[in-house]
Amino acid sequence: MNTHSPNQLFTNHTYTLFAEVLIPLALPKNFTWAVPDHLKEAVQPGIRVEVVLGKNKKYAGLVKKTFTEKPEAFNPKPILNVLDDVPLLHPEQLAFWEWIADYYMCTEGEVMQAAIPSNLKLSSETVLMWNDSYEDEMIELDDEEFMVAEALNLKKELRLNEVQQILDASHVYPVIKRLIEKQVCLVWEELKEKYKEKKETYVILQPAYHKEEALADLLNNWQQYKAPKQMELLMAYIHLQRTQGEVSQPELLKKSGATAAQLKGLVEKNILRTEKRAVDRIGSLPKDVIIDFELSPLQQQAAEKIETLFDEKQVCLLHGVTASGKTQVYVKLIEAFIRKGKQVLYMLPEIALTTQIIRRLQKHFGGNISIYHSKFNPNERVEIWNKVKSGEARIVLGARSAVFLPFRDLGLIIADEEHDSSYKQQEPAPRYHARDAAIYYASLFQAKVLLGSATPSIESYTNAQQGKYGLVQLMERYGNVAMPQIEIVDVKRVIKKDHSKVMLTPELHQAITQSLHDKKQIILFQNRRGYSPYQICGVCGWIPQCKNCDVTLTYHKSKNKLACHYCGTTYPVIYTCSACGSNRFIQKNFGTEKIEEMITEAFPDARTARMDYDSVKGKHDHDNLIKLFEQQKIDILVGTQMVVKGLDFEHVNLVGILDADGILNFADFRVNERAYQLMEQVSGRAGRKDGLGKVMIQVSNTEHPVLGFVQQHNYQQLFQYEMENRQRFFYPPFARIIQVIFKHKDQLIAEEAAQHMVNGLKKDFGPYVFGPANPVVNRIRNQYLSELLIKLPRKAPLIQQCKLQIAQQITIINATKRYSSVHIIPDIDPV
DNA sequence: AGCACGCCGACT
DNA sequence: GTCGGCGTGCTC
C-alpha cells in the first residue's frame, strides 16, 4: 500500500458531493472529483469545471453527473473552479456520447475530444513567474539557465513556448526544473479560455452634432482647425453613416483612405467617438424562407409518402436516381419541420467540396442556415455551437462532425448521399459512422431521419426492404428527362501489339468527336490516378511493389516517380528489373495522367483538363476547376471519382468509363455494390437537363452481370446478386477471422470486445472488426491467410485481391495501439 | 495526453 | 561510472 502523501492528507476533507467528470483524453474510465461546498450549487451536468489531473496539469472537464457516495478506492481531489454558468450542452448529447463510446469501442473522453470545438476544451499552459524574493547572484547558473533567468527577470512571466524559443532545444524541462530548485522562478498552470468574441471598433458621431445645424456650423467653420484631411474623413463618415447606419473603424478608414491618426484627431476634438462591440463572425443573411418552386407530381408524391411514413417509422430511405430532384424534396421537408418549430440537420459527406448545394439551400433559407465542418476556424465553430444550443440556428448544413452539435429541438436529420464511405471516421477514435450515429442521436429526440441516395448502401436498402425503414423511390429524372443511354463497348476486339490495355476504342473516339462537334462537354472517368498503375518486367514478370504495403507501384510521369497509393511513399523510377536484370518493362495499365496525355494528342483542338487527387492539391484548385468546367472553358474533363461527387454540369452529354474492368474487379469486399454505385453516379452526369446524354462503358468482360443491372438501372437485382456473392466469397472469411482473433485473445479488453462482436454476429452483420495489437494476432493472420488460399475458389485474381484486402485491413488494426474498429462489414442495426 | 519510473547502449 | 533513449503504467 502507498503511504499517505501530504497532498492526500491535505485534501482529505469531508466532502459530501462528488462529480463524474469527462476529460478529453483516452482515460479507461471516467474520473471523479470532489465538489467543495461553495461550488455545490454551480456544479451541474454539462458544466465545465477546472480540475487537476496528475501532478499539476489542469483541464477543463465536463461534469457528467453528481452523486453523494464517497468513493472507497481513492481520494478524490477537489474541483478548483466552475467555468460556465450555463451547461455547454443538453442531456441528450451526454447520452449520445455514452452510446458512441460504447458502440464504437472508445472512451467518452475521446468522444468529447471529437465532439466539442477545440476552443471549448482547454488544458492548462505552464507559465513561469519570476520569483521576486530571489536575490542571489546569477553566477551559480549555467548558460542555459542564465538565458532563461535573464529573460524572465525582464518580462516577469514566460510561457513554455517562449522558453522553447530561447533554448531552441528539447531540453526545456530539465532547465526549468533546475531553475525552480534554485528558486529563480515559480511555475503556474494557467487555464485560459481560448474562445474570444470578435470585437470591432465602431465610430459614432457625438450627440452634440446630431442636429443638422450644429453639423453645418462645424463644417463651415472648419478653417480654425487647419486640418483639411480630418474634414475629408468626417465627410466620408457622414456619407457612410447616412447610407448604411453603422460605421466600423476599419471600413471607414479603408473607404476614406484616411489614417488612424486623423481619426484620433477627430476623437480628440470631441466630434466623433469610438466604441468596441462584440460582433458575429458569421455574416447574417435575412431570415426569410423563400420556397419559389413547385414540386413535380412525382416529387410531391414522394414528399407526401415520406411524411406519412414518418408517422410510424423513424427512418426513411429516399432512393432517387441522379437528377430526380431529391434536393427539392429535402427543401420542402426542411420547410415543414422548421415551420413546426423544429431544428433540422442536413448532413453531407465532404461538405467542403460541395459549394453548389450550399448556394441552393441558402437561396431558400437564407440566414436560417448555419454551416459546420471541421475546416471552419475554431472561433466560428464555437459561435455555431452556441447558436445551435440556444435554438437560434434552425438548420445546420454540416459534415459528419455536425452530429455532435448540441441540438435542442431536433426534428429531422437528413443524411444525403448516405452510401458515401466518408461518413465513417477511420482515424482517430471515435471511429463512428455519422449516418448510423445520427439515427441513434435522432431517436433521443424522437426525431426523424431521412437517408437519401441515388445508389443506397446495401445495409440501408436491406433495412428498407425488411420494413425497418420506410422506402420511397424517385426513379425518374426531374421534368421527364430520359435516363442516359448506356452503351457497352467490347475492348477485347481491339488488341494492341504489346498486349497493353486499349485506352480509346474507335467507338468512343467517334462519340467524342461528335460531342465536340455539337459543342457539348465530355467527362472521361478512370478509377486510377497517375500514369501507369501497373508495370511488369517483360522477361520474368516481376512487378515493383511498395516495401510497406505490398501494393503495386504506380508510375507518375509528371513527377517521374513511382508511388504507393496506399501509404504515399515514393520511389525513384526503376529501369532495371530487380529480379532478372532486364530493362524491358511493360506498362500494363493506364491512369488519368496517361489518358490526359493521350486525349490531348488525339483531340488537339479540344480543351482538356484533369481532375484527381494529384491535380487539385491546393485549397481552391478543385473549386476553380469546377468553375472552369461549368463555364464551358473546358471541353473534356478526365478524372477519378472526384468528378462524380454531387456535381451538376448542364452541358455534359457524354461520359466515358474507360476501363470498367478496373471497377468490376475492385479489391474491395463490396465489389459489386461499389461498382454499381460508381457506374450509376458516373452515368448520372450525362444529359441531366435534356436527357440526350450517352454513357459508353469500355470493358473486356462484357458478360459481367453488374453491367446488365447498370444498363437497366436495376438496383433490386444488383442487390440480390451482391448479397449472394458477398456471402459466398467474402462473408464467411471475415466472420472466421474475427472468431479466430478472439479465440486467442490475451487481454482483458478483448473480453469486452468479444461480447460486442458476438452481438454483432448474431445480427449477422457486426459493426466491429478489431483485435489487440500483438504478435499473436500477426501469427493468426498469416495462418489464416494460408488457409484462405485453400478455401476460396481457385480464381487467382480474386484470391490476390482478398489477400491484399485482408492484409490491408488487418494492418490498420495492428497499427492502432490498443484496438480499433474498422467499418468493413456494414451496420444494419445501429439502434 | 503528460509525466514518472525503469531498464539497456554511447559517452563526459 | 552517467546521460538519455523510449517502453510501460498511472493519473480521480
Side-chain angles (χ1 to χ4, degrees), chain A residues 1-36 39 43 47-81 101 106-116 118 120-127 142-144 159-161 163-164 167 169-178 180-181 187-192 194 427-430 746-749 772-775 814-819:
Chain A
M1 271 310 288
N2 235 345
T3 52
H4 288 279
S5 73
N7 193 25
Q8 268 177 319
L9 288 175
F10 179 73
T11 56
N12 196 6
H13 291 299
T14 47
Y15 290 113
T16 54
L17 189 67
F18 303 91
E20 186 179 329
V21 176
L22 302 178
I23 303 293
L25 292 179
L27 297 174
K29 55 185 165 186
N30 298 331
F31 286 3
T32 300
W33 274 265
V35 184
L39 295 177
V43 172
I47 294 274
R48 285 180 307 160
V49 289
E50 185 177 339
V51 291
V52 173
L53 176 66
K55 206 156 173 288
N56 51 13
K57 187 86 182 165
K58 287 175 189 165
Y59 287 94
L62 192 89
V63 177
K64 191 180 170 192
K65 62 178 182 214
T66 57
F67 54 94
T68 51
E69 312 89 74
K70 185 183 186 325
E72 290 297 315
F74 53 86
N75 243 333
K77 289 181 186 170
I79 288 173
L80 298 181
N81 223 334
C106 67
T107 71
E108 284 182 66
E110 285 169 319
V111 183
M112 178 180 177
Q113 186 93 64
I116 292 190
S118 58
L120 292 175
K121 43 185 187 216
L122 357 155
S123 67
S124 61
E125 188 179 18
T126 308
V127 183
D142 68 24
D143 281 356
E144 285 186 321
R159 330 223 126 227
L160 213 54
N161 57 354
V163 181
Q164 259 156 15
L167 297 177
S170 57
H171 294 50
V172 174
Y173 196 75
V175 174
I176 291 173
K177 206 170 168 184
R178 295 200 298 272
I180 297 165
E181 278 162 15
V187 278
W188 177 253
E189 290 289 319
E190 191 178 61
L191 204 55
K192 257 201 159 169
K194 283 185 232 155
E427 210 69 32
D746 59 354
Q747 290 184 16
L748 266 179
I749 190 71
N774 60 31
N814 282 342
T816 322
K817 256 194 174 171
R818 294 189 186 202
Y819 50 84

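Order of the sequence lines sets the chain letters (A, B, ...), proteins ahead of strands, with each chain counted from 1.
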Rounded to the Å, how far apart are A:L25 CG and B:dG2 P?
7 Å
Rounded to the nearest Å, what distance is computed from the CG atom of residue A:L53 to the P atom of nucleotide C:dT11?
9 Å
Rounded to whole Å, please give me the gap between NZ in A:K57 and C1' in C:dT11.
13 Å
Starting at CG of A:N75 and ending at C1' of C:dT11, how long is that distance when rounded to a whole Å?
14 Å
The side chain to side chain donor-acceptor pair (under 3.5 Å) partners of A:T16 (sequence neighbours excluded) come to A:K40
A:Y59 side chain N/O closer than 4.0 Å to the phosphate oxygens (OP1, OP2) of C:dC12?
no
Look at the side chain of A:K55 and decide which nucleotide, out of B:dG2, B:dC3, C:dC12, has an atom nearest to it.
B:dC3
Does A:A19 have any side chain to side chain contact (heavy atoms under 4.5 Å, CB included) partners at least two apart in sequence or in another chain, and if so, which?
A:V21, A:V35, A:V43, A:V63, A:T66, A:I79
Here the gap from A:L25 atom CG to A:K57 atom NZ, rounded to the nearest 0.5 Å, amounts to 9.5 Å
Rounded to whole Å, how long is the line connecting atom CG of A:L80 with atom P of C:dC12?
12 Å
At under 4.0 Å between heavy atoms, what does A:I23 touch on the DNA or RNA strands: base, sugar-phosphate, or nothing?
nothing
Between A:F31 (CZ) and B:dG2 (C1'), how many Å, whole number?
13 Å
Measure from the side-chain N and O atoms of A:K77 to the backbone N and O of A:G54, and report whether any donor-acceptor pair falls under 3.5 Å.
yes
May I have the distance from A:W33 (atom CH2) to C:dT11 (atom P), rounded to whole angstrom?
11 Å
Whole-Å distance, A:L62 CG to C:dC12 P, equals 18 Å
